[in-house]
Amino acid sequence: MPGICLVFLLVVLFAHSCHGFYLPGSYMHTYSTSDTIVAKVNSLTSIETELPFSYYSLPYCKPLGGIKKSAENLGELLMGDQIDNSPYRFKMNVNESLYVCTTSPLNEHEVKLLKQRTRDLYQVNMILDNLPVMRIAKQNGVSIQWTGFPVGFTPPNSNDDYIINHLKFKVLVHEYEGSGVQIIGTGEEGMGVISEADKKKASGYEIVGFEVTPCSVKYDPEVMTKLHMYDSISPVNCPLELDKSQIIRERERISFTYEVEFVKSDIRWPSRWDAYLKMEGARVHWFSILNSLMVITFLAGIVFVIFLRTVRRDLTRYEELDKEAQAQMNEELSGWKLVVGDVFREPDCAKLLCVMIGDGVQITGMAAVTIVFAAFGFMSPASRGMLLTGMIILYLFLGIAAGYAAVRLWRTLKGTSEGWRSISWSVACFFPGIVFVILTVLNFILWGSKSTGAIPISLYFVLLSLWFCISVPLTLVGGFLGTRAEAIQYPVRTNQIPREIPARKYPSWLLVLGAGTLPFGTLFIELFFILSSIWLGRFYYVFGFLLIVLLLLIIVCAEVSVVLTYMHLCVEDWRWWWKAFFASGSVALYVFLYSINYLVFDLQSLSGPVSAILYLGYSMIMAIAIMLSTGTIGFITSFYFVHYLFSSVKID
């Protein structure tokens, strides 16, 4: 799908009469004075529970025409987004103070729900012209910004809770002239392009910022109920005294009001997301990643250079000897040369290995293509759910690569194509099956909590249909192509009787598990920011650095796996297949342990076993995907290394 979008972009760019357009976020909207703009509301979210709930699950005012859901893509539905219209409507460049509604007296259930959402630090997420609302506050002279505003607040040393019922909106607008200048670009980052087709000038306003100051104000319900929705009221000063704030308790009637102020800004429309993408400690972020990249590159480079020198010396010494000396050397020396008749012996659980390699190829391809497109700006925060939707579509279509890789490896191990259909079906079902089981368990938990994060039954059928109608057939096609591809020929013959492996002082798996620390070193800093983006509601946008980290991770996984394989062959251990896979794949263990560490020390506010189970469930899916991906990278590199190593030796 991203490829189709790119082709479409190029076609439009080189057309004779060209109009710029916006890909794949929203088009730029230009408003005239007094044009009506309606704010939308997304799900209520909290970093305390990670359970999203519908905005209208609380006793908020409803729009006059009823609640209407916005069209949501696959990614938004899976992320738990539920975007609805709201009663908050503005008129461009018209500053107003308006009344919305007054609730009926709160009953026990509504009070309990409001108090619970307030104490769980739930945030209301509003959207205007595709921009999330931003709240700016000052603490110790430092401006701190959040997206959204709280449902309510609980004063220190108090058992009372107060609801936010008055909103002071500030809409930043940029005056725009000339319809001949349109925006073309990706995400929310674009560039002005002068269209030759239309030189007419037109004026209007673009929305480039959306801020809110939330207040709690106690109104007289007898006075307020005489008003109608959107009647004008006097501007309100946010009270500092609690007795003038609206308390949450039974039989209370809560009146909702808002003010809107339009402020002209020099911010241009392509730069309007810059304010959201500013991260606290940005210098630390850049420095830490660069430092990690340099250290790991230097360390991996040293290991690789030493390793190359060792192998080249062994090969040179071996090939310079005549046949008699080689025979004598084989009798006297130990090492990788002695396992020449066993090194390509079929591994244990060969079918499982083929299936995991196939799924690893699919996941690695999906991750690489997604990150490349994100790095070039095709998946910006403006396109909610686009990243996840793109990943799912890529995964489905890369089934053909998974089937091909698994069946070709199966042919190489077995010497025959018999059983390729079983391999292809297993590849199509292995990783998706694990994800499906974990998501189903988590979904039952979310259904029990009545959260919008629960996947609807209809979406389950959509996902199953996509899997059965796209992924499975393409995996079978890939498997068929794998049977037609030439099998990889081993450079040496395998003996009928396996060679005895010498006893070792320490278990070889200990070394394999320890090898995962090096790839983890390239990943853990970026992992912190990714986890913060997922669980703390921050925007993740440094996909360029993530692409560099991915490339470095691939290199380090390959190097670590090759070094470990060579070390095992040197001690006459010819069972290298699975060890090559887990030498780099063991990084997933450290990723999962780091996720637990993040839960304990960075998500201390996460409350309740339900939230912890959700977190660990999603972390398990991530760790399994990383294991399959990194293990595949290490295995494929080691396989071709062993093939090259033994094809370079003269064997009689």
Side-chain angles (χ1 to χ4, degrees), residues 41-62 67 79-84 86-87 100-126 133 135 137 146-167 212 214-219 221 242 245-256 442-455 534-537 599 602-618:
V41 286
N42 203 340
S43 300
L44 305 173
T45 55
S46 167
I47 61 171
E48 291 251 337
T49 66
E50 301 298 344
L51 296 172
F53 289 98
S54 168
Y55 174 81
Y56 291 108
S57 62
L58 296 181
Y60 285 128
C61 304
K62 296 178 174 58
I67 301 169
M79 288 162 58
D81 287 351
Q82 183 176 314
I83 301 174
D84 303 312
S86 80
V100 185
C101 77
T102 300
T103 65
S104 54
L106 296 179
N107 57 39
E108 183 182 355
H109 173 71
E110 289 172 333
V111 169
K112 183 180 178 181
L113 207 57
L114 281 170
K115 281 180 169 287
Q116 184 178 347
R117 298 287 181 266
T118 298
R119 302 206 171 190
D120 285 340
L121 303 182
Y122 269 87
Q123 302 283 313
V124 178
N125 300 294
M126 298 186 74
V133 70
R135 175 168 56 103
W146 295 270
T147 53
F149 58 89
V151 169
F153 63 93
T154 305
N157 305 319
S158 173
N159 291 323
D160 293 327
D161 302 289
Y162 296 84
I163 190 171
I164 298 297
N165 63 333
H166 180 75
L167 302 172
V212 67
C215 306
S216 180
V217 182
K218 183 170 180 61
Y219 292 106
L242 289 177
S245 300
Q246 179 59 60
I247 195 170
I248 301 173
R249 63 186 173 199
E250 284 188 60
R251 310 307 301 166
E252 283 285 328
R253 302 187 69 182
I254 300 172
S255 297
F256 290 90
L442 298 181
N443 223 43
F444 277 117
I445 296 172
L446 290 169
W447 275 333
S449 304
K450 297 180 180 178
S451 168
T452 60
I455 301 173
I534 296 171
W535 300 106
L536 295 179
L599 171 65
D602 293 277
L603 289 179
Q604 295 173 341
S605 60
L606 204 65
S607 60
V610 171
S611 303
I613 291 170
L614 286 173
Y615 175 86
L616 292 174
Y618 292 128

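Numbering of residues begins at 1 and proceeds along the displayed sequence.
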Quiz item: Under the side-chain contact (heavy atoms from CB on, under 4.5 Å) criterion, do Val124 and Tyr55 qualify, and how do the steps go?
Solution: CA-CA 7 Å; Val124 178; Tyr55 174 81; 3.6 Å; yes

Distance from [X] atom [atom1] to [Y] atom [atom2], nearest 0.5 Å?
X: Met126; Y: Ser86; atom1: CE; atom2: OG; result: 4.5 Å
X: Tyr60; Y: Ile67; atom1: OH; atom2: CD1; result: 13.5 Å
X: Glu252; Y: Ile247; atom1: CD; atom2: CD1; result: 7.0 Å
X: Gln123; Y: Thr147; atom1: CD; atom2: OG1; result: 7.5 Å
X: Ile164; Y: Ser245; atom1: CD1; atom2: OG; result: 8.0 Å
X: Phe256; Y: Thr103; atom1: CZ; atom2: OG1; result: 6.5 Å

Distance-minimising heavy-atom pair for [X] and [Y]:
X: Ser57; Y: Leu44; answer: OG-CD1, 4.3 Å
X: Glu110; Y: Pro105; answer: OE1-O, 4.1 Å
X: Asp160; Y: Arg119; answer: N-NH2, 4.3 Å
X: Ile248; Y: Lys115; answer: O-CE, 3.6 Å
X: Ser43; Y: Pro52; answer: CB-CB, 4.0 Å

Do the side chains of [Y] and [X] get nearer than 4.5 Å, heavy atoms only?
X: Leu58; Y: Leu113; value: yes
X: Glu250; Y: Leu106; value: no
X: Pro59; Y: Leu114; value: yes
X: Cys215; Y: Asn165; value: no
X: Thr118; Y: Ile163; value: no
X: Tyr219; Y: His166; value: yes

Exercise. Would you please test Asn125 and Thr45 for side chain to side chain donor-acceptor pair (under 3.5 Å) and show each step?
Key: CA-CA 8 Å; Asn125 300 294; Thr45 55; 3.0 Å; yes

Exercise. Please report the C-alpha distance between Leu614 and Leu51 in whole Å, then the side-chain angles of each, then the deciding distance to 0.1 Å, and finally whether the side-chain contact (heavy atoms from CB on, under 4.5 Å) criterion is met.
Key: CA-CA 9 Å; Leu614 286 173; Leu51 296 172; 3.1 Å; yes

Self-check item: Polar side-chain atom of Asp120 near backbone of Tyr122 as donor-acceptor pair, under 3.5 Å
Solution: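 Not confirmed, Asp120 side chain does not pair with Tyr122 backbone.
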
Quiz prompt | Sequence-distant partners of Leu242, side-chain contact (heavy atoms from CB on, under 4.5 Å), two or more places apart | solution =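 Checked Leu242 against side-chain contact (heavy atoms from CB on, under 4.5 Å); matches are Phe153, Pro155, Tyr162.
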
Exercise. Tell me, please, whether Phe149 has Arg135 positioned over its six-membered ring: NZ or CZ under 6.0 Å from the ring centre and within 45 degrees of its axis?
Key: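 No, Arg135 does not lie over the aromatic ring of Phe149.
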
Quiz item: Side chains of Asp161 and Thr154: do they bring a donor and an acceptor to under 3.5 Å?
Solution: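 Result is yes, a qualifying pair exists.
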
